[in-house]
Amino acid sequence: MAERPSAPELVLETESGSTLISPVREYHVGRDPLSDIVIDDARVSWHHAVLRATDSHWTLEDTHSTNGTYADGSRVHIRNVGPGTVIRFGHATEGPRVLLTAPARNRPSAVAHPALTHTFRQPTSVRPLPTRTVRIGRAPDNDLVVDDLMVSRYHAELHVHADGGYEIVDLGSHNGTYLNGVPVQRAEVAQGDIVGVGHSDFCLIGDELQQYVDTGEVSLDVQDLTVTVDRGRKTLLDHVSFPVGEKCLLAVVGPSGAGKSTLMNALTGQRPADEGTVLYDGRDLYHDYAELRQRIGLVPQDDILHTQLRVHAALSYAAELRFPQDTARAERRARVDEVIRELGLEERTRQHVHSLSGGQRKRVSVALELLTKPSLLFLDEPTSGLDPGMDRSVMQMLRGLADDGRTVIVVTHSVLSLDVCDRLLVLAPGGKVAYYGPPEEALPFFGFDHWPAAFDAFEHDQDRDWAGEYRQSPYYRRYVVQGPAQPQRPREEPVPVVPPVPPPKPRRWGAQLSTLVRRYTAALAADRTFLVIMIALPFVMGAMARALAGSELTRRSAMNALLILCVGAVLTGSANAVRELVKERVIYQRERAVGLSRSAYLMSKVVVLGTVTALQAVVLTLVALFGVDLHAPRGDGVVMPPLVEITVAVALLAFAAMMLGLLVSAAVPKEEVTMPLLVLLAIVQVVFCGALLSLADVLVLEQAAWLVPARWGFAAMAGTIDLSALSPGELSSDPLFSHEAGAWLRSIGMLLVLSLVFGLLVSRLLRRQEPVVMRK
């Protein structure tokens with residue numbers, strides 16, 4: 001009898017899924033539907049290649065294909081392959097891609113064979129396979145009750161077919177139902193498939209339905225992550241590999257430009273790596289991202305809070321956005337109070353966020369992410385700008401979070417508290433792993449006594465092969481290749497592990513909009529400086545216009561009064577909005593990463609700021625013109641009473657200026673540049689409104705003025721009072737100033753069109769600022 005080859009099992013990953021290949025037989029690749037690995041691509045031959053196991057390894061053999069087989073960029077006829085090998089069929093760079101990886105330690109990939117994910121875990125519950133339809137949800141009247149805030153009250157149903165087969169059907173749940181990590185509405189369920197509902201997985205094994213609960217004690221296995229930019233000319237991460245055990249606190253350090261932020265984006269899935277694999281407890285993070293992203297918490301370097309709000313209010317609004325719509329207010333409040341107690345913020349709940357110290361604000365940012373009990377928690381520079389005492393306090397807090405049953409990864413420049421971490425990852429310039437292992441052994445490995453000397457060497461000794469030295473060291477074999485479980489710190493008394501509730505998918509669009517509007521209104525109302533300016537500005541500008549208008553518009557006063565109204569509308573609208581998006585950019589990016597609707601976010605700004613702007617415009621117009629004789633020489637207003645027409649024109653002009661302000665706010669890189677641009681914006685509006693320069697029939701200038709809201713707002717007001725008859729002259733003879741219904745309606749219509757165009761441009765700019773994975 002032939003002896004079985006000793007080659008290891010491998011996971012073969014393609015764009016359509018993954019397959020666990022065993023050395024007991026060979027695997028044929030091609031377009032033939034009967035092939036073991038079917039690749040439906042015209043560049044792939046009917047019988048293209050074969051993978052077979054030998055005594056100790058795997059070989060890839062091209063079976064005389066038309067377009068060739070390529071391994072790691074080179075065309076091959078027969079070649080030894082193994083974990084990490086990238087294979088392309090039909091073209092060296094653009095052909096269908098296959099990646100060979102090793103199954104995760106002790107937990108093979110759920111994508112390759114879903115049932116294997118839980119082979120080494122004990123099921124939380126086991127019940128006989130159902131013989132009738134089973135309804136799954138949070139409500140107590142379900143057949144299978146899942147006590148989890150992520151799960152909708154009536155979440156899904158498992159249908160039983162007459163032939164004994166099973167089908168999972170989503171019941172319109174807020175957070176989705178997943179089959180092997182992929183969201184589904186209705187799908188057949190086979191033996192070994194995993195149905196994900198909240199943080200519970202249900203698996204058909206034999207004649208049993210087994211339930212597994214994600215307890216939060218998860219591992220992360222990072223394999224050969226590579227990130228390049230400029231079409232591959234610059235490498236940001238260079239084959240980064242390391243394991244992270246359960247309940248581990250990992251610190252990532254390195255000089256500026258070493259790829260720390262790039263690594264974090266790759267590990268959180270916000271910007272997936274170009275090559276390599278991230279295994280979340282044996283599951284491919286990128287493949288299952290739709291489901292697993294809700295189990296990842298991320299605290300950026302900048303605070304993800306509206307600092308004008310009180311601590312409890314900020315956390316309550318966040319809970320309302322992240323929890324399902326059918327979650328009761330009492331349930332949300334209970335979770336907020338629980339997190340506040342966990343992080344020791346009981347005495348700070350009534351304080352405004354901006355009044356907290358740096359360390360306390362960071363605790364509130366962490367609390368916001370802990371609302372949904374993520375299994376993996378990432379923090380970017382949490383101690384930046386803190387004094388040594390606060391630095392230590394924050395790191396001790398993270399130590400406690402890891403001990404309580406989470407895996408915590410922190411990117412930091414500080415080396416003051418590395419001793420509280422289980423593992424340390426040091427990245428060298430070029431995104432290479434210079435060290436991975438216990439923190440206390442890092443400096444002896446590099447041969448330095450202090451960290452500043454080590455970082456100085458990274459910067460100046462660039463010819464040294466830091467990554468090569470580490471790969472040749474026993475540390476690499478001990479902590480990366482063998483990858484033992486992370487050491488667990490002893491505790492004086494056991495602490496019960498609370499099962500995590502992954503972040504649910506955000507609520508429906510209308511519910512999101514309602515929450516965002518209320519939160520934004522509360523934040524503006526708490527900003528006293530904004531309130532004072534918002535109230536004072538229309539009165540000041542209106543009083544100036546009233547002084548010029550007098551009791552009756554005359555030839556001399558009409559032009560100046562309308563110009564002041566025009567400038568006032570432009571300033572009030574654009575000043576309201578020019579900072580609003582750029583100052584919340586970090587907050588938006590984080591909330592968008594967990595599924596916030598872009599259109600709901602933008603609409604909340606439009607609704608709140610639009611209402612404020614319209615009210616200001618009404619006040620401005622009434623202060624300036626109430627009681628003034630506005631009757632035109634040739635009659636009343638063209639459509640409505642003159643005061644009403646001018647009020648509508650001023651309000652729409654202010655609204656269009658507000659949308660233009662949002663456009664500037666979405667385009668600028670930082671808040672400091674908004675004020676100079678606001679001044680420039682006002683000057684351009686004044687110049688092109690038509691009150692200072694004759695724009696009619698002036699090539700280029702006339703066409704450029706069409707894009708300026710003040711041009712149409714001033715034209716509508718001038719048409720209402722019949723400026724050309726009231727104050728004859730070259731400027732007032734502009735055809736847009738005609739005292740006709742058509743001209744007035746055209747001006748009003750153009751203000752609406754410009755507002756819409758500005759809104760669409762803002763949406764496009766917001767998309768560019770989102771995590772890469774959310775742009776799809």
Side-chain angles (χ1 to χ4, degrees), residues 534 537-542 544-546 548-549 558-578 605-606 609-626 630 637-640 642-664 678-693 695 704-721 723 734 736-738 743-759 761-762:
M534 178 183 69
L537 186 59
F539 281 99
V540 172
M541 299 300 295
M544 294 173 59
R546 181 58 177 254
L548 291 172
M559 182 75 77
N560 293 333
L562 295 189
L563 178 60
I564 295 298
L565 280 177
C566 184
V567 172
V570 168
L571 283 178
T572 53
S574 55
N576 287 343
V578 77
K605 298 294 184 185
V606 173
L609 291 178
T611 301
V612 170
T613 300
L615 291 175
Q616 288 177 305
V618 171
V619 171
L620 170 64
T621 308
L622 293 180
V623 170
L625 299 179
F626 186 74
L630 299 175
V638 294
V639 176
M640 296 174 287
L643 184 59
V644 176
E645 283 189 8
I646 293 178
T647 302
V648 170
V650 173
L652 286 178
L653 172 57
F655 184 84
M658 181 207 75
M659 296 301 296
L660 184 57
L662 287 177
L663 179 60
V664 172
L678 176 61
V679 175
L680 178 61
L681 197 66
I683 293 174
V684 170
Q685 299 283 329
V686 172
V687 170
F688 283 91
C689 72
L692 302 179
L693 296 175
L695 301 173
W706 292 347
L707 303 178
V708 177
R711 170 69 166 153
W712 303 102
F714 188 88
M717 291 186 287
T720 294
I721 66 171
L723 184 64
D734 194 313
L736 294 182
F737 299 170
S738 299
W744 188 86
L745 292 173
R746 180 173 62 244
S747 297
I748 296 300
M750 282 300 299
L751 287 173
L752 294 173
V753 169
L754 287 175
S755 299
L756 178 60
V757 171
F758 294 153
L761 292 175
V762 172

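Every heavy atom of this structure was used, including side-chain atoms; hydrogens, water molecules and symmetry mates were not.
When the options V619, T572, L620 are evaluated for a side-chain contact (heavy atoms from CB on, under 4.5 Å) with L537, the one that passes is T572. With L761 as the fixed residue, the side-chain contact (heavy atoms from CB on, under 4.5 Å) test singles out one of L663, L660, L662: L663.
The two residues T613 and G573 make their nearest non-hydrogen contact at CG2-CA, 3.9 Å. Across all non-hydrogen atoms, the minimal contact from A710 to V570 is CB-CG2, 4.2 Å. Contact record, A649 with G713: CB-O, 4.3 Å, taken as the closest heavy-atom pair. Minimum heavy-atom separation, P709 to L751: O-CD2, 3.3 Å. The minimum heavy-atom distance linking A617 with A651 is given by the pair CB-CA, 3.4 Å.
Taking the side chain as every heavy atom from C-beta outward, L653 and L565 never approach each other to under 4.5 Å. Within the 4.5 Å cutoff, side-chain heavy atoms of F655 are placed close to those of V606. M640 has its side chain within reach of V648: a pair of non-hydrogen atoms, C-beta onward, lies under 4.5 Å apart. Here the side chains of M659 and L756 are not in contact, with every heavy-atom distance at 4.5 Å or above. A heavy-atom distance below 4.5 Å is found between the side chains of M559 and F714.
How far CZ of F758 is from CE of M658: 11.0 Å, rounded to the nearest 0.5 Å. To the nearest 0.5 Å, the span separating CG on L562 from CG on L625 amounts to 7.5 Å. In this structure, M717 CE and F737 CZ are separated by 9.5 Å, a value rounded to the nearest 0.5 Å.
A side-chain donor-acceptor contact under 3.5 Å links R546 to the backbone of F626.
Applying the side-chain contact (heavy atoms from CB on, under 4.5 Å) criterion to V567, with sequence neighbours excluded, gives M541, L563, L571, V686. Residues satisfying the side-chain contact (heavy atoms from CB on, under 4.5 Å) criterion with V753, sequence neighbours excluded, are V757. Every residue meeting the side-chain contact (heavy atoms from CB on, under 4.5 Å) condition with S747, not counting sequence neighbours, appears here in chain and number order: W712, A715, A716. With sequence neighbours excluded, the residues forming a side-chain contact (heavy atoms from CB on, under 4.5 Å) with L752 are L652, listed by chain and number. The side chain to side chain donor-acceptor pair (under 3.5 Å) check on Q616 picks up N576, with sequence neighbours excluded.
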For this session: Start with the C-alpha distance between R711 and L736, add both sets of side-chain angles, then the distance that settles side chain to side chain contact (heavy atoms under 4.5 Å, CB included), and finish with yes or no.
Result: CA-CA 9 Å; R711 170 69 166 153; L736 294 182; 3.4 Å; yes

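Applying the side chain to side chain donor-acceptor pair (under 3.5 Å) test to every pair with at least one member in residues 642-662, sequence neighbours left out, gives these pairs: E645-T720.
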